[in-house]
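I have a structure here, written as structure tokens, and I will follow up with some questions on it.
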Amino acid sequence: MKTFFRLVKLAWPLKWGMVLATLVGFLTVSSAIGLMATSAWLISMAALQPSVAALGVAIVGVRFFGIARGVFRYLDRLISHEVTFRLLSRLRVWFYGAVEPLAPAILERYRSGDLLSRVVSDIDTLQNFYLRVLAPPLVAAVTGLGVWFLLGAFNPVFSLAFLGFYLLAGVGVPWLTHLLSKRLAARSVELRSDLNASMVDGIQGMAELVAFGQEDRQAARIEHLNRQLVRAQFRLGAINALQSTLGTLLMNLAAWTMLVLAIPLVRSGRFDPVYLALVVLAALASFEAVLPLGQAFQYLAISLAAADRMFEIVDKVPAVKTRPAPGPVPSEANGYSLEVKNLSFSYEPGQPDALHNLSFSLQPGQSIALVGESGAGKSTLANLLLRFWDYEKGEIRLNGRDLDTISPEDVRKIIGLVSQRTHLFNATIRENLAIANPNADQAALETACKQAQLHDFITGLPQGYATPVGEFGLALSGGERQRLSIARAILKNAPILVLDEPTANLDRQNEQLVMQALQNLMKDRSTILITHRLVDLEGFEEILVLRAGHVVERGDQSQLLQEQGLFNRLWQLQAATV
Ligand code: ADP
């Protein structure tokens, strides 16, 4: 019920559109009833051969209702679809807005196919919520009331009998449908999402699946899900068929009952036979309003299941919260300084610290390096500095101000990241560069690419800066992608840089090109280099050596080499493998 009201609340700004659509929906059904009733009366009356003048009003009525029915049906479709599409676009924007602050810490837990399915198909499913769930019961209620009065005007017995059948078809059958399809509907939404997620996984990992000969297993998994989904949909279809059969049966029974009740009244002279057909056909026509209700309840179940999945994500609390603090980040004349004091962090409560009691300070223009084996906690520091996750124990201060009092957006303007996983959009090189600074002109792009050692490569391509990079930038090599990421950082021009394994997975030649690009990038900026490769570290003011989240050694390169500790061992190991 809570989900239902939350959905109604989301649709509330479009209430007047919905009221109008409901009104037009009601007018459509009323015209159908009017057409049936006046035609029935006209034919019955005509059989008595009165003067044409006596039939005049009814003839006009038939014409009017006949045309009105078509016009209202058209308007009904037009308005209700307009309202629905507006609602969908609102929902999509709202959902995206709610999801964005969850990236990346919370979204990491969801499969990308699952998220895609929530954004696309679950929201699409909700179009039924208004179109087939909210409006039809209202139209049915108003129509029922109108016909109740109309029949009551002839004889209360008619209206009572009508009401019985109308309620059975409008409440009983839908309720039965609801009970039968509640679980199935939720299951079909779940299965569809699983299927989507497996498809996306399968397509993204196609190369691996083929390489390991596992494509048949993936295909079998998809086929299994597909079969289950088809089965669920078949059952839903069967329930749907049942409800529509019951609805039609009740409609015809209502018409038949009207006849059974009316004929004795006609015989005994208590009911004018000219109205006999009118009563029967008006009752029959009014069922047009209740027949969609069975399906409405089925759609209600599906909509609620889809909405639950949507709200589940929206209700997640972002991993980072900003404590309100007055004013912008204090700027210093000569740049930004960063102070980290006794910082400890673990990803899940109870897990061992990924970082333990880390302290260092970074003055404007300085560079420090964080080295250690894989899993030592190096990237965790990058996650905290960029406010992808919140820290609780210890302090991080930017120009003296606690980092958690600065909004993530502001932090990321000051601290730039070159990560080991650069996401490139399936667009041109120019567009991929422009996300770092949409206002940069061609000259700025070229300057950045020259510094990033990328310009010559780009101009050598037939389409130059307009070259598409392919899905995930797969048309570029690892080194080129990395240099593009450095060019982005140059364009972004953040005063503090976090370089997270910028040369990971590169061969020596590419590593050198990227290191050159990095030297250009690091000029006039403060840098934190995170790396497990101990190359080009002479110029760094301080090197922190991490192991299992703890700083085990610190100093500059020559001090660390003398210490004969972990740094020295890693250094020797690396020298032996090169
Ligand atoms: P490094 O960058 O030095 O390779 P990380 O900072 O990535 O190391 O990881 C440090 C520890 O934190 C590891 O034990 C890793 O398993 C854990 N870890 C990293 N990211 C997450 C995450 N998103 N959720 C839970 N644990 C994580």
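The residues of the chain are indexed from 1 along the displayed sequence. In each ligand, atom 1 is the first atom listed, and ligand 1 is the first ligand listed.
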Does the structure place the NZ or CZ of R554 under 6.0 Å from the centre of the six-membered ring of F360, at an angle of no more than 45° from the ring's axis? no
With atoms numbered from 1 as shown, which atoms in ligand 1 lie under 4.0 angstrom from a non-hydrogen atom of S374? 4 (O)
Would you check, one step at a time, whether the test side chain to side chain contact (heavy atoms under 4.5 Å, CB included) holds for D122 with F95? CA-CA 11 Å; D122 286 351; F95 187 68; over 6 Å; no
Could you tell me the residue and atom name of the protein heavy atom closest to atom 23 (N) of ligand 1, and the distance to it rounded to 0.1 Å? E108 OE1, 2.7 Å
Name every donor-acceptor pair, under 3.5 Å, that has one atom in a side chain of residues 442-461 and the other anywhere in the protein, sequence neighbours excluded.
{"from": "Q442", "atom 1": "OE1", "to": "R430", "atom 2": "NE", "distance (Å)": "3.1"}
{"from": "Q442", "atom 1": "NE2", "to": "E446", "atom 2": "OE2", "distance (Å)": "3.0"}
{"from": "T447", "atom 1": "OG1", "to": "A443", "atom 2": "O", "distance (Å)": "2.7"}
{"from": "H455", "atom 1": "ND1", "to": "Y465", "atom 2": "OH", "distance (Å)": "2.9"}
{"from": "T459", "atom 1": "OG1", "to": "H455", "atom 2": "O", "distance (Å)": "3.0"}
{"from": "T459", "atom 1": "OG1", "to": "D456", "atom 2": "O", "distance (Å)": "3.1"}

Below 4.0 angstrom, counting only protein heavy atoms, does anything approach atom 15 (C) of ligand 1? no
First locate atom CD of Q366, then atom CD1 of I528, and finally report the distance between them rounded to the nearest 0.5 Å. 10.5 Å
Establish whether atom 12 (O) of ligand 1 and some protein heavy atom are separated by less than 4.0 angstrom. yes
Which value, rounded to the nearest 0.5 Å, describes the distance between S337 atom OG and L362 atom CG? 8.0 Å
Closest to atom 5 (P) of ligand 1 among protein heavy atoms sits T380 OG1, 3.6 Å
A354 neighbourhood, listing ligand 1 atoms whose heavy-atom distance to it stays under 4.0 Å: 11 (C), 12 (O)
May I ask whether G377 has any heavy atom positioned less than 4.0 angstrom from an atom of ligand 1? yes
Taking only heavy atoms of W389 into account, list the atoms of ligand 1 that are under 4.0 Å away from them. 23 (N)
Are more than 12 heavy atoms, taken from residues, nucleotides or ligands other than D524, located less than 6.0 Å from that residue's CG atom? no
Can you tell me which residue and heavy atom of the protein come closest to atom 1 (P) of ligand 1, and the distance to 0.1 Å? G375 N, 3.4 Å
Distance from S526 atom OG to I496 atom CD1, nearest 0.5 Å? 5.0 Å
Suppose we measure from atom 7 (O) of ligand 1 to each protein heavy atom; which comes out shortest, and what is that distance? S379 CB, 3.7 Å
Just need the protein heavy atom nearest to atom 27 (C) of ligand 1, so name the residue and atom and give the distance. Y347 CD1, 3.1 Å
Donor-acceptor pair, K378 side chain versus G372 backbone, under 3.5 Å? yes
